[in-house]
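Position 1 is the first residue of the sequence; numbering continues from there.
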Amino acid sequence: MRQAITPTLAEHLVTAALAATDSSPASSSGHDVQPWRFQLDQDVLRVFADRERALRFGDATGRDLHMATGAALYNMRLAAAHLGYTAVVRSRPDRDDPTLLATLRLGGPRVATLAEQAQHQALWLCHGNRYHYRDTPIPLRVVTELAEAAQVEGAELTMLTRDQAWHVLRMAWRVERRLALGPEHRAAPAWRTDADEFAWWTSENRRDGTPAPGFGPRPAARRVPTRDFDVPAPGHSRVTAHFESRPQLFALWTRHDEPADWLRAGQALQHVLLVASANMLSGCFLYQPLRFPEPVRDRLADGRADFPYPQIILRLGYATPAGRSPRRPAAHVLETA
């Protein structure tokens, strides 16, 4: 049985989708581009890629865009369950329209599980945290719960060994040097480089992007387990902090490496992040190594046959909560056919 989606119901679902942007791969490069638009047509809610907001340099393959959409889809499924409906999602339903990434329909009534209720509460609190984390190990019980969340969505989550983590961090630091932004690049007037995109999406007075307070503290040491947004921020002073000595890093894997897998990975990632948030964990991404993926992927995937493709590196830990990035209203991204 199909349930008609009223404008009010659609707005609720899209609002939940937009809550994913601050914690999803849409923000993994520090831009938080919120790269979608939604269209309501009676009993179906269509999710389109907004190519005007896609990162030409920061996400040339479109993987982050697809994963961010997957994160939004998971939030919509969760919101539907909270409202008492079954959500039916179809990924990439129209080969003739590559911008149509997914459709969502509502089915018969259902009761949200206790786990879903906890995740729905965490939905409004879950966001990226680029601040310093405490050197407190994540309990094995929680690590297992995170892995199970990924498995439910058809992906796999593994905690990196100490050697693997340091290899990934070394790659991140190398890429960080390649992406170092000089002041003359930050002020460039056109989007010719990654630096230009960075400047555009981290500027002040936006309803999207990453504002200065989201940059996190200035690192006391040169090498840190997150991207250092070493950018002038008028009116915002950045404190200096020491980051954790042993970052706890996780890799999210898929069986294949196609757009449908990226959508699946995004849903798995958002499920993992909400379980993490429900367990009082903070998280952010190390996107740099996967910008130049061959060395990291070859090293991490050595000997793996079932899930050989790492899609994102996730840093988790206990930290002081950070503020949210700006959200666009649902009305700005939702239209009625």
Flag side-chain contact, heavy atom, 4.5 Å: [X] against [Y]:
X	Y	answer
Glu258	Trp262	no
Val14	Leu45	yes
Val47	Thr103	no
Phe250	Thr158	no
Gln42	Ile5	no
Leu314	Leu269	yes
Arg141	Asn279	yes

Restricting to non-hydrogen atoms, name the atom on [X] and the atom on [Y] that form the minimum distance, rounded to 0.1 Å.
X	Y	value
Ala80	Leu106	CB-CD2, 3.7 Å
Ala122	Ala278	CB-N, 4.0 Å
Ala149	Val275	CB-CG2, 4.0 Å
Thr113	Glu116	N-OE1, 2.9 Å
Leu123	Ala19	CD2-CB, 3.3 Å

What about [X] and [Y], same hydrophobic cluster or not, with Ile/Leu/Val/Met/Phe/Trp/Tyr joined at side-chain heavy-atom distances under 4.5 Å?
X	Y	result
Leu9	Met76	yes
Leu316	Met280	no
Leu100	Leu73	no
Leu13	Phe48	no
Ile312	Leu157	yes

Residue pair [X] / [Y], side-chain donor-acceptor N/O under 3.5 Å:
X	Y	result
Asp97	Thr99	yes
Gln311	Asp257	yes
Trp253	Asp306	no
Gln267	Arg77	yes
Tyr318	Glu244	no
Asn75	Gln270	yes

Please confirm whether the backbone N or O of [Y] pairs with a side-chain atom of [X], one donor and one acceptor, at under 3.5 Å?
X	Y	answer
Thr15	Glu11	yes
Gln117	Ala112	yes
Gln121	Ala118	no
Asn129	Cys284	no
Gln248	Ile138	yes

Is it true that [X] and [Y] have a side-chain N and a carboxylate O under 4.0 angstrom from each other?
X	Y	result
Arg37	Asp50	no
Glu335	Arg46	no
Arg246	Asp135	no
Glu156	Arg304	yes

When rounded to the nearest 0.5 angstrom, what is the spacing between [atom1] in [X] and [atom2] in [Y]?
X	Y	atom1	atom2	answer
Leu146	Leu252	CG	CG	11.0 Å
Thr320	His132	OG1	NE2	6.0 Å
Leu249	Leu300	CG	CG	10.0 Å
Leu334	Trp36	CG	CH2	13.5 Å
Leu286	Met171	CG	CE	11.5 Å
His332	Phe38	NE2	CZ	14.0 Å

Next item on the list: For side-chain contact (heavy atoms from CB on, under 4.5 Å), just list the numbers for Thr336 and Asp41, CA-CA rounded to whole Å, side-chain angles, deciding distance to a tenth of an Å, and then say yes or no.
Entry: CA-CA 6 Å; Thr336 301; Asp41 186 2; over 6 Å; no
Using atom types as modelled, flag every donor-acceptor pair under 3.5 Å from a side chain in residues 83-95 to any protein atom, sequence neighbours excluded.
{"residue": "Thr86", "atom": "OG1", "partner": "Gly108", "partner atom": "O", "Å": "3.2"}
{"residue": "Arg92", "atom": "NH1", "partner": "His66", "partner atom": "NE2", "Å": "2.8"}
{"residue": "Asp94", "atom": "OD1", "partner": "Asp96", "partner atom": "N", "Å": "2.9"}

Margin query: A cation-pi test, strictly: NZ or CZ of Arg255 under 6.0 Å from the centre of the six-membered ring of Phe307 and no more than 45 degrees from its axis. Yes or no?
Written below: yes
Item checked: Quiz item: cation-pi between Arg315 and Tyr133, 6.0 Å / 45° -> yes
Notebook entry, point to check: Passes side-chain contact (heavy atoms from CB on, under 4.5 Å), Val44 versus Leu104? Steps please.
Noted result: CA-CA 6 Å; Val44 61; Leu104 180 143; over 6 Å; no
